[in-house]
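Structure first, then comments.
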There are 2 protein chains.
Amino acid sequence: MDVAKHAGVSLSTVSRVMNGNPTVDAALAGRVRDAAAELGYTASPLARSLVLGRTQTVAVVVPDLGNPTFQAVLRGLSRAAAADGYHVLIADSAEQVGEERVLAIETRRRTDGLVLCAPRMPEEELAALLPQVGPVVLVNRTLDGAPTIAAEYGTALRALAEHLHDLGHRRLVYLAGVARSASNAARLAALAEFRAAHPDVELTELASGVDFDSGAAAADAVLATRATGVLAFNDLVAMGLLSALADRGVRVPDDISITGFDDIPFARYTSPPLTTASVPAADLGARAWQAMTAALAGTDAASSVRLTPDVVLRGSTGPAPA
Amino acid sequence: MDVAKHAGVSLSTVSRVMNGNPTVDAALAGRVRDAAAELGYTASPLARSLVLGRTQTVAVVVPDLGNPTFQAVLRGLSRAAAADGYHVLIADSAEQVGEERVLAIETRRRTDGLVLCAPRMPEEELAALLPQVGPVVLVNRTLDGAPTIAAEYGTALRALAEHLHDLGHRRLVYLAGVARSASNAARLAALAEFRAAHPDVELTELASGVDFDSGAAAADAVLATRATGVLAFNDLVAMGLLSALADRGVRVPDDISITGFDDIPFARYTSPPLTTASVPAADLGARAWQAMTAALAGTDAASSVRLTPDVVLRGSTGPAPA
DNA sequence: CTGTTAGCGCATTCAT
DNA sequence: ATGAATGCGCTAACAG
């Protein structure tokens, strides 16, 4: 090392000083620090990682960096991690289910832990993967074997449905997302309960997607059901629908009420503003980091956190038309 | 190594096989590959990084992961990098100008290159930083000494202003973003040209911010100017303004025309849809990666790419009221 | 074509 | 309290 001779000490002493080891003479430590400052020296994170066995970095795998929900999770996680001196390696599977496994394993090898965000892969594959990539925390997907941070989608959707029911709506339609996804399954279960509790309600289920265009494309199908209330899979779908209905001269909420899901930042600014369920995605990310620190420390306890979203009532829902 | 003895060869041979070195006997290579597969062995990226001097990772520093523009840049960059087998380390400075420098240096040390996305730091600081962190590419911020990928904000804003002028608007207001930012400076220069070309236009400049709330907060000030056309700093500001005006019963575009900037995904779905300038942020990211590969290869040429945004005419602009 | 040796830059024994 | 070795896991240069 260069600073070593510059300060007239050995490599070990430099290392000790840089790591704040107290068993070094104050005077010597000062000399070393000065030398280091003068030469602008900082220990190579790479070499440290190799010898220490930790990289101070965690990996996050998301299905789509373009999705506001994952963005928010990433943001919350990233900031929380940064506050603890950790870095974040990001991987976007571009909704390619087949890529998830590879990305997870590969990024995990360069990091100390892995956050799997709403992985799309089938349950068996996920179950087989988890042991290979620990410490791992799951976001918005539950499975034994790893701490999970998830929003209770079912509860919230049920609440939205009840809200519409309270407003007098009796003919509803649910715009489903990706058919065999975990999040959709939770919602379907909640709707089944809702149906059971309210036999007087006619609830149609319509295939759809997870983005704007899916919502817009569903407009005619929705109108064909003559429903007065629509539960969209998420805010994006709701906004697309909103837009398509506006084009057709359908008034919201006078003619039809619409609810979204997620309360993305834009939901407040649509016309009318969207009634939706507030899933604090950034919180989700921060909690995920919390779980990760625990897992990293071995204080695992496989704690699972479930956040109950708030229902946010805004202008897109109103009394059912007479 | 374990696979070494398992295959009955030396460490070097294993290394050679794993790296596809053709100077190995086919039979031996087969044995090694089998052993590796059986033991599930993969070379440690960490150790490779240390000895090879490259990490196959680049760092991206953004001012705010919550900003749709940066999200899109990140997404485009991330996918392009992944296609080339590179990973992305992300850092969010949370708009803390002071943090940018530290984040840049720190993340750069764990990676092969750095992408600085619209850094807020003052010019001298940036100029001093660049040599320390090369290879580096700048996105949406120009400065000699590093390849730059930037959208031509000035040109596009000018085009939007001309569009309003063509529609008969003679009293305009510009909602400025962060006062002393590079992107705002470019826009101000373009507006100065516009003013010079159209002495008949009264163009007021109003301080504002870069987000929804700033736009909403500016509503009354905008109305006070009695302007018939508004050039918002970006789509977020425009949407906030749109929302606040709707609350006040002001009709868009009948009473007042509004333009945004960036063409974020949501701009198509406001009511009315937003006339804006299309800055293909994901493209920006992909180009940035392209520039990075060049820089990584030493084929630098410090090439600067400037993308000219398209003007997207939608419903939020119309003829000036009589 | 393959095995042996050295070293990437550091933290950490072990001696002193 | 400090310096001299040892090794983290791998690749490259050097023999054979």
Side-chain angles (χ1 to χ4, degrees), chain A residues 1-57 85 87 105-113 132 296, chain B residues 1-57 85 87 105-113 132 296:
Chain A
M1 203 51 49
D2 220 26
V3 298
K5 62 180 63 162
H6 196 279
V9 297
S10 81
L11 300 309
S12 344
T13 305
V14 176
S15 175
R16 285 192 254 263
V17 172
M18 300 304 287
N19 292 0
N21 190 319
T23 77
V24 275
D25 184 86
L28 256 192
R31 287 225 312 275
V32 172
R33 255 186 287 275
D34 289 349
E38 191 170 337
L39 279 65
Y41 169 80
T42 311
S44 153
L46 245 67
R48 302 192 85 237
S49 294
L50 182 59
V51 64
L52 293 178
R54 55 185 160 78
T55 60
Q56 297 284 102
T57 304
H87 300 253
I105 294 180
E106 196 159 316
T107 56
R108 170 61 182 85
R109 292 220 57 192
R110 341 187 131 250
T111 56
D112 300 339
Q132 296 181 45
L296 250 20
Chain B
M1 202 56 47
D2 220 26
V3 297
K5 62 180 60 160
H6 197 278
V9 298
S10 80
L11 300 309
S12 351
T13 304
V14 176
S15 174
R16 285 193 257 263
V17 173
M18 301 302 288
N19 292 356
N21 190 321
T23 76
V24 275
D25 184 87
L28 257 192
R31 286 224 315 275
V32 173
R33 255 188 286 275
D34 289 349
E38 191 171 336
L39 278 65
Y41 168 81
T42 311
S44 154
L46 245 66
R48 302 193 84 234
S49 295
L50 184 59
V51 64
L52 293 178
R54 55 186 160 76
T55 59
Q56 296 284 102
T57 304
H87 300 252
I105 294 180
E106 196 159 315
T107 56
R108 170 60 182 85
R109 293 220 57 190
R110 341 186 131 251
T111 56
D112 300 339
Q132 296 182 43
L296 249 21

(request) Can you sort out which residues in residues 20-31 of chain A have a heavy atom within less than 4.0 Å of DNA chain D? Ascending by number, please. (result) A:T23, A:V24, A:D25, A:L28

(request) To the nearest 10°, let me know how far the axis at one end of the helix from C:dC1-D:dG16 to C:dT16-D:dA1 is tilted from the axis at the other, five pairs an end. (result) 50°

(request) Could you list the residues that satisfy side-chain hydrogen bond (donor to acceptor under 3.5 Å, both in side chains) with B:T111, not counting sequence neighbours? (result) none

(request) Send over the distance from B:L46 CG to C:dC10 P, rounded to a whole Å. (result) 14 Å

(message) With a 3.5 Å distance limit and no angle check, can you tell me whether A:R110 reaches the backbone of B:T55 through a side-chain donor-acceptor pair?
(response) yes

(message) Checking the side chain of A:N21 only, and the main-chain atoms of A:T23 only, is there a donor and an acceptor separated by less than 3.5 Å?
(response) yes

(message) Please enumerate all residues that pass side-chain hydrogen bond (donor to acceptor under 3.5 Å, both in side chains) together with B:S49, with sequence neighbours excluded.
(response) none

(message) Between B:G8 and A:T13, which residue's closest nucleotide on DNA chain C lies nearer the 5′ terminus?
(response) B:G8

(request) Decide yes or no on side-chain contact (heavy atoms from CB on, under 4.5 Å) for A:E106 and B:H87, but give the supporting numbers first. (result) CA-CA 10 Å; A:E106 196 159 316; B:H87 300 252; 3.5 Å; yes

(message) Any side-chain N or O of B:S10 below 4.0 angstrom from OP1/OP2 of C:dG3?
(response) yes

(request) Please name the pair of heavy atoms, one in A:A43 and one in B:R109, separated by the smallest distance, quoted to 0.1 Å. (result) O-NH1, 3.5 Å

(request) Encode nucleotides 11-16 of chain D as B, S and - characters from 5' to 3', where the letter depends on protein heavy atoms closer than 4.0 Å: B to the base, S only to sugar-phosphate, - to neither. (result) BBB---

(message) I'd like to check B:R48 versus B:Q56 (side-chain heavy atoms, cut-off strictly below 4.5 Å). Are they in contact?
(response) no

(message) I need the minimum non-hydrogen distance between A:G53 and A:D112, along with the two atoms involved.
(response) O-OD1, 4.4 Å

Hey, can you pull the donor-acceptor pairs under 3.5 Å for the side chains in residues 11-18 of chain B, sequence neighbours left out?
unit_1	atom_1	unit_2	atom_2	d
B:S12	OG	B:S10	OG	3.3
B:T13	OG1	B:S10	OG	3.3

(message) Between P on D:dG7 and CG on B:L50, what's the gap in Å once rounded to a whole number?
(response) 17 Å

(message) Do A:L28 and A:V9 make a side-chain contact, defined as non-hydrogen atoms from C-beta onward lying under 4.5 Å apart?
(response) yes

